[in-house]
2 protein chains.
Amino acid sequence: MHIERAISAVHSLIRVKTKSSIVAKPPSQNTPLTEHLAYLLAQANREINRQLESRLAKEGVPVEQWRILKVLFDGNGRSMGELADAVLLNHPTLTKIVDRMVSDALVYRVQDPKDRRKVLMFCSERGKILCQRLNSLAMSQEAHIVENYGNKSTNELKRLLESLIDSAN
Amino acid sequence: MHIERAISAVHSLIRVKTKSSIVAKPPSQNTPLTEHLAYLLAQANREINRQLESRLAKEGVPVEQWRILKVLFDGNGRSMGELADAVLLNHPTLTKIVDRMVSDALVYRVQDPKDRRKVLMFCSERGKILCQRLNSLAMSQEAHIVENYGNKSTNELKRLLESLIDSAN
DNA sequence: TGGCAATTGTTGAAGTTTCAATATTTTCGC
DNA sequence: GCGAAAATATTGAAACTTCAACAATTGCCA
């Protein structure tokens, strides 16, 4: 019985090894950390975000505030919930960042007349002017990436990221 | 003089517009937030990291701790600096996470005999056993991604991310 | 209609990360 | 070999994020 099990185990190992090396990657438990998609995304995000951060630092503005300004730039108000989704922040964090931006007169709150639970956020003139300067800095970062990485790769990567995000929802 | 500058400005606008619409994407200042590479990376990272986090939560372990265990699994000691680079954390943060893991007997510190400024980190037996359970959870997440997103896209995305990271250094 | 559940945003406490300063050890020039 | 500069890890304070509870308003349905 032990022997039979051992033989059967060997057979299945051989079969799996053969099949997997032809059809697909073997599902090894020992995949290095650096081959996990989650890790590669974290690493790339960290690096690119750092670059952007250091550009925007010329205006003394954190990345999150740039995102907020950019979303509000069109002049249509957004509720805190909509805004939080758009800028990838959870609600309490957004509330506190917005508090600071209100102090800096970059954005302002208006009670939504249609639904008085809601607050509509708007961008001030000052906020819009700052936003445009920040946009330039951000564009120059993307240009720098495209220089080193190539236009084709950049567009292909964007396309794949969009479809990954789609497929995850 | 004013007129000449104006004409020259118009010319250069036309030239740039013509050239850019043939050669590359026009560098509009009004690119939506959702088309910036930095944003797409942040969004994808957030989503995939959330998924992984919720899987690893079955063992009550944060993603960072899994990364640390995985790096140390091979039994070769790593200094705090090496480990911090490998797991994408800065030094003080790593020190504090490691403190917790030492309390939980998952890892341990050894003074490096070759260089007494350094501390070598190792994974305990307990840590290795936990790491293997975590690996299974992580593998099942990747399998789930591949199911929805496709094998080809996944591999292509990984390849592009790796080369982006390369090009950024 | 009246009241209960759901939605929206904020708050305060707890937890986490980051920055600057520190202690220790090594390296290197002289 | 000595002393200044660099490298390594940790610490404590400050800043930030997150969690859970709360207040206000709306939607629902019986």
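What's counted below: heavy atoms across the whole structure, side chains too, no hydrogens, waters or symmetry copies. Note on naming: letters A, B, ... go to the chains in the order of the sequence lines (proteins, then strands), and numbering restarts at 1 for each one. Fair warning: this is a prediction, and the values are worked out from it, not measured in the lab.
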Interface polar pairs with nucleotides 17-26 of chain D, N/O, under 3.5 angstrom:
unit_1	atom_1	unit_2	atom_2	d
D:dT18	OP2	A:Asn90	OD1	3.1
D:dT18	OP2	A:Asn90	ND2	3.2
D:dT18	OP2	A:Thr93	OG1	3.1
D:dT18	O4	A:Lys96	NZ	2.6
D:dT26	OP1	A:Arg116	N	3.0

* **Pairs meeting criterion ring pair (Phe, Tyr, Trp, His ring centres under 6.0 Å) with involvement of residues 43-82 of chain A, two or more places apart** => A:Trp66-B:His36
* Asked: So, B:Asp112 and B:Lys114, do they make that salt bridge, N to O below 4.0 Å?
  -> no
* Salt bridge A:Glu64-A:Arg100, side-chain N to carboxylate O under 4.0 Å -> no
* Identify whether the distance between the nearest side-chain nitrogen and carboxylate oxygen of A:Asp99 and A:Arg109 falls below 4.0 Å. => yes
Please report, to 0.1 Å, the donor-acceptor pairs under 3.5 Å made by any side chain of residues 162-169 of chain A, with sequence neighbours excluded.
unit_1	atom_1	unit_2	atom_2	d
A:Ser167	OG	A:Leu164	O	3.0
A:Asn169	ND2	A:Ile165	O	3.1

* To do: For the pair A:Ser79 (side chain) and A:Leu120 (backbone), establish whether a donor and an acceptor sit closer than 3.5 Å, ignoring hydrogens and angles.
  => no
* Asked: What is the distance from CG of B:Leu94 to C1' of C:dC19, rounded to the nearest Å?
  -> 16 Å
* Check whether any side-chain N or O of A:Arg109 sits under 4.0 Å from OP1 or OP2 of C:dG9, and answer yes or no. => no
* Value in whole Å for how far the C1' atom of D:dT8 lies from CE of B:Met121 -> 14 Å
* Could you spell out the base pairing of DNA chain D in dot-bracket, with Watson-Crick or G-U pairs whose two distances are under 3.5 Å, [ ] crossing and | to another strand? -> ||||||||||||||||||||||||||||||
* Asked: Do A:Val102 and A:Ile97 sit in the same hydrophobic cluster, where Ile, Leu, Val, Met, Phe, Trp and Tyr count as joined when their side-chain heavy atoms come under 4.5 Å apart?
  -> yes
* Asked: Do side-chain atoms of A:Arg159 reach the backbone of A:Thr154 as a donor and acceptor pair under 3.5 angstrom?
  -> no
* To do: Among B:Leu106, B:Leu69, B:Leu72, find the residue that satisfies the side-chain contact (heavy atoms from CB on, under 4.5 Å) test when tested with B:Cys131.
  => B:Leu69
* Could you tell me the separation between the CZ atom of A:Arg50 and the C1' atom of C:dT17, rounded to a whole number of Å? => 13 Å
* **A:Leu94 CG to A:His91 NE2 distance, which is reported to the nearest 0.5 Å** => 8.0 Å
* Near DNA chain C, which residues from residues 73-84 of chain B have a heavy atom under 4.0 Å away? -> none
* Would you kindly give the CG-to-P distance between B:Asp112 and D:dA7, to the nearest whole Å? => 17 Å
* According to the ring pair (Phe, Tyr, Trp, His ring centres under 6.0 Å) rule, which pairs have a member within residues 105-139 of chain A, sequence neighbours left out? -> A:Tyr108-A:Phe122
* Give the rounded distance in Å between these two atoms: CG of B:Asp99 and C1' of D:dT11. => 10 Å
* Asked: Quick one: A:Tyr108 OH to C:dG9 P, roughly how many Å, whole number?
  -> 17 Å
